[in-house]
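Before any comments, here is the structure.
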Amino acid sequence: MRLTTDALIIRENNNIGESDRFVTALTRELGAVHASARGARTLKNRGSVATRLLSYSRLTLREGRSRDKYIIEDARPLRVFFDIHGDIARLALAQYFCELAGVLAPREEPAEEHLRLLLNALHFLTEGKRDLRLIKAVVELRLLTLSGYMPDLGSCSSCREADAPLWFLPRDGVLRCARCEKPGDALPLPPTLLAALRHIVHAPFEKCFAFQIPEEAVPSLAKTAEAFLLCQLGRSFQTLQFYHTMDG
């Protein structure tokens, strides 16, 4: 099988031979795929830039001998996000997004919205006009939602109360009202924060980044989104830990 597709390079490994590069690419048609780019580390090879981390490229893929590995026959860059490298915190966050996508994106299935989400996030990181914590919260919650981990943000999961003060249970992804029993890791959700969470999860894709919350609510949103992700996946990420050394 041979396929030409647009893809974002979310991981690169140069430890293959003297000139080859092994990458993970987030593609529209096949989700996250592993592929080798022969000779890509040679400067004269036109695939050198197109197969670097954070490059959005048009790839021509051919199936390799193993079912989960492809050969990149041709690679042409469409957009490279190398400007992010100029800011260590933004670069750390971009690498975290790529690592998340490598875990959550489907294999051998279309991943149009996963790819669009990462491209939008990288654009906003490059633009430098949005709070990094808000970009991070949107990517975490939307990736989880796309991957089958959508939280239930409608009403209290115990009594179905929707108007009383609500708390969020990151391990269960549900709400609990102030009158019902709550575990120790429950996080308070004032109305502004709950509205932001609902927007990120339920808004049409083109509007998921289009919201504002008071500055004082941003840390709580960031904490809630990250706590939910870590609880649902049952693991942390080195790129996330490194990002936190940069933010504070």
Side-chain angles (χ1 to χ4, degrees), residues 26 31-32 93 96-106 109-118 120-121 124 130-214 216-237 239-241 243-244:
L26 180 58
L93 200 53
Y96 170 53
F97 294 163
C98 288
E99 189 175 6
L100 273 184
V103 171
L104 290 171
E109 294 180 12
E112 171 80 19
E113 290 202 6
H114 293 76
L115 178 58
R116 289 176 62 197
L117 181 67
L118 257 67
N120 282 0
F124 291 134
R130 302 198 181 204
D131 192 310
L132 298 186
R133 295 167 296 179
L134 294 182
I135 299 173
K136 174 175 171 289
V138 173
V139 171
E140 289 172 332
L141 289 171
R142 200 74 182 202
L143 270 181
L144 286 170
T145 297
L146 288 171
S147 304
Y149 296 91
M150 184 172 67
D152 181 357
L153 300 173
S155 60
C156 174
S157 63
S158 180
C159 70
R160 310 318 299 180
E161 172 64 56
D163 297 325
L166 295 168
W167 295 64
F168 182 64
L169 279 56
R171 296 190 182 279
D172 300 314
V174 299
L175 302 178
R176 195 65 57 82
C177 75
R179 293 192 290 267
C180 292
E181 183 179 357
K182 301 177 292 296
D185 61 348
L187 301 172
L189 283 187
T192 298
L193 183 53
L194 179 56
L197 292 174
R198 287 171 172 167
H199 176 89
I200 294 171
V201 170
H202 296 296
F205 178 85
E206 61 273 11
K207 296 182 178 180
C208 65
F209 286 96
F211 70 97
Q212 295 181 339
I213 60 174
E216 60 270 18
V218 173
S220 294
L221 175 61
K223 177 182 178 181
T224 302
E226 183 177 307
F228 178 55
L229 181 136
L230 296 179
C231 285
Q232 296 305 304
L233 299 186
R235 55 164 292 185
S236 187
F237 297 85
T239 49
L240 174 61
Q241 295 170 8
Y243 166 71
H244 281 310

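All values below come from the heavy atoms of this structure, side chains included, with hydrogens, waters and symmetry mates left out.
Side-chain contact between Val103 and Phe237 is present, with heavy atoms from C-beta onward closer than 4.5 Å. Taking 4.5 Å as the limit, some side-chain heavy atom of Leu197 sits within range of a side-chain heavy atom of Leu141. You'll find the side chain of Pro214 reaches within 4.5 Å of the side chain of Thr192, heavy atoms only.
To the nearest 0.5 angstrom, Leu233 atom CG is 5.5 Å from Tyr149 atom OH. The distance from atom CG of Leu221 to atom CD of Glu226, rounded to the nearest 0.5 Å, is 11.5 Å. Annotation: the span from Leu153 atom CG to Leu189 atom CG amounts to 8.0 Å, rounded to 0.5 Å. Taking CD of Glu112 as the reference point, atom CZ of Phe205 lies at 8.5 Å (rounded to 0.5 Å). The CG atom of Leu134 sits 10.0 Å away from the CZ atom of Phe209 when rounded to the nearest 0.5 Å. How far OG1 of Thr145 is from CD of Glu140: 11.5 Å, rounded to the nearest 0.5 Å.
Residue Glu206 qualifies as enclosed at atom CD: its count of foreign heavy atoms under 6.0 Å is above 12. In the displayed structure, Lys223 atom NZ is contacted under 6.0 Å by at most 12 heavy atoms of other residues, nucleotides or ligands.
Pro204 approaches Arg142 most closely through the heavy-atom pair C-NH2, 3.8 Å. Contact record, Ala101 with Leu118: CB-CD2, 3.6 Å, taken as the closest heavy-atom pair. Smallest separation of non-hydrogen atoms from Glu181 and Arg176: O-NH1, 2.5 Å. Summarising the geometry of Asp163 relative to Glu161, their closest heavy-atom pair is N-OE2, 2.8 Å, with the distance given to 0.1 Å. Across every non-hydrogen atom of Gly31 and Ala111, the tightest pair is CA-CB, 3.6 Å. Leu240 and Lys136 get closest at one heavy-atom pair: CD1-CE, 3.6 Å.
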Practice item. Please report the C-alpha distance between Leu100 and Leu229 in whole Å, then the side-chain angles of each, then the deciding distance to 0.1 Å, and finally whether the side chain to side chain contact (heavy atoms under 4.5 Å, CB included) criterion is met. Key: CA-CA 10 Å; Leu100 273 184; Leu229 181 136; 3.7 Å; yes
Review point. Going through the distances and angles, do Ile200 and Cys208 end up as a side chain to side chain contact (heavy atoms under 4.5 Å, CB included)?
Key: CA-CA 5 Å; Ile200 294 171; Cys208 65; 5.5 Å; no
Exercise for review: With side chain to side chain contact (heavy atoms under 4.5 Å, CB included) as the test, would you mind laying out the steps for Val138 and Phe211 before giving the verdict?
Suggested key: CA-CA 10 Å; Val138 173; Phe211 70 97; 3.6 Å; yes
Point to revise | Criterion side chain to side chain contact (heavy atoms under 4.5 Å, CB included) on Ser147 and His114, from CA distance to verdict | key: CA-CA 9 Å; Ser147 304; His114 293 76; 3.5 Å; yes
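Put simply, the side chain of Arg198 gets close to the backbone of Gly154: a donor and an acceptor are under 3.5 Å apart. Checked by atom type and distance alone, the side chain of His199 pairs as donor or acceptor with a backbone atom of Lys207 at under 3.5 Å. A donor-acceptor pair under 3.5 Å is absent between the side-chain atoms of Glu113 and the main chain of Leu143, judged by distance alone.
Arg171 is linked by a salt bridge (charged side-chain N to carboxylate O under 4.0 Å, His left out) to Asp185, counting only residues two or more places apart in sequence or in another chain.
Taking the six-membered ring where tryptophan is involved, the planes of Phe168 and Phe228 are perpendicular, since the angle between them exceeds 60° and thus also 30°.
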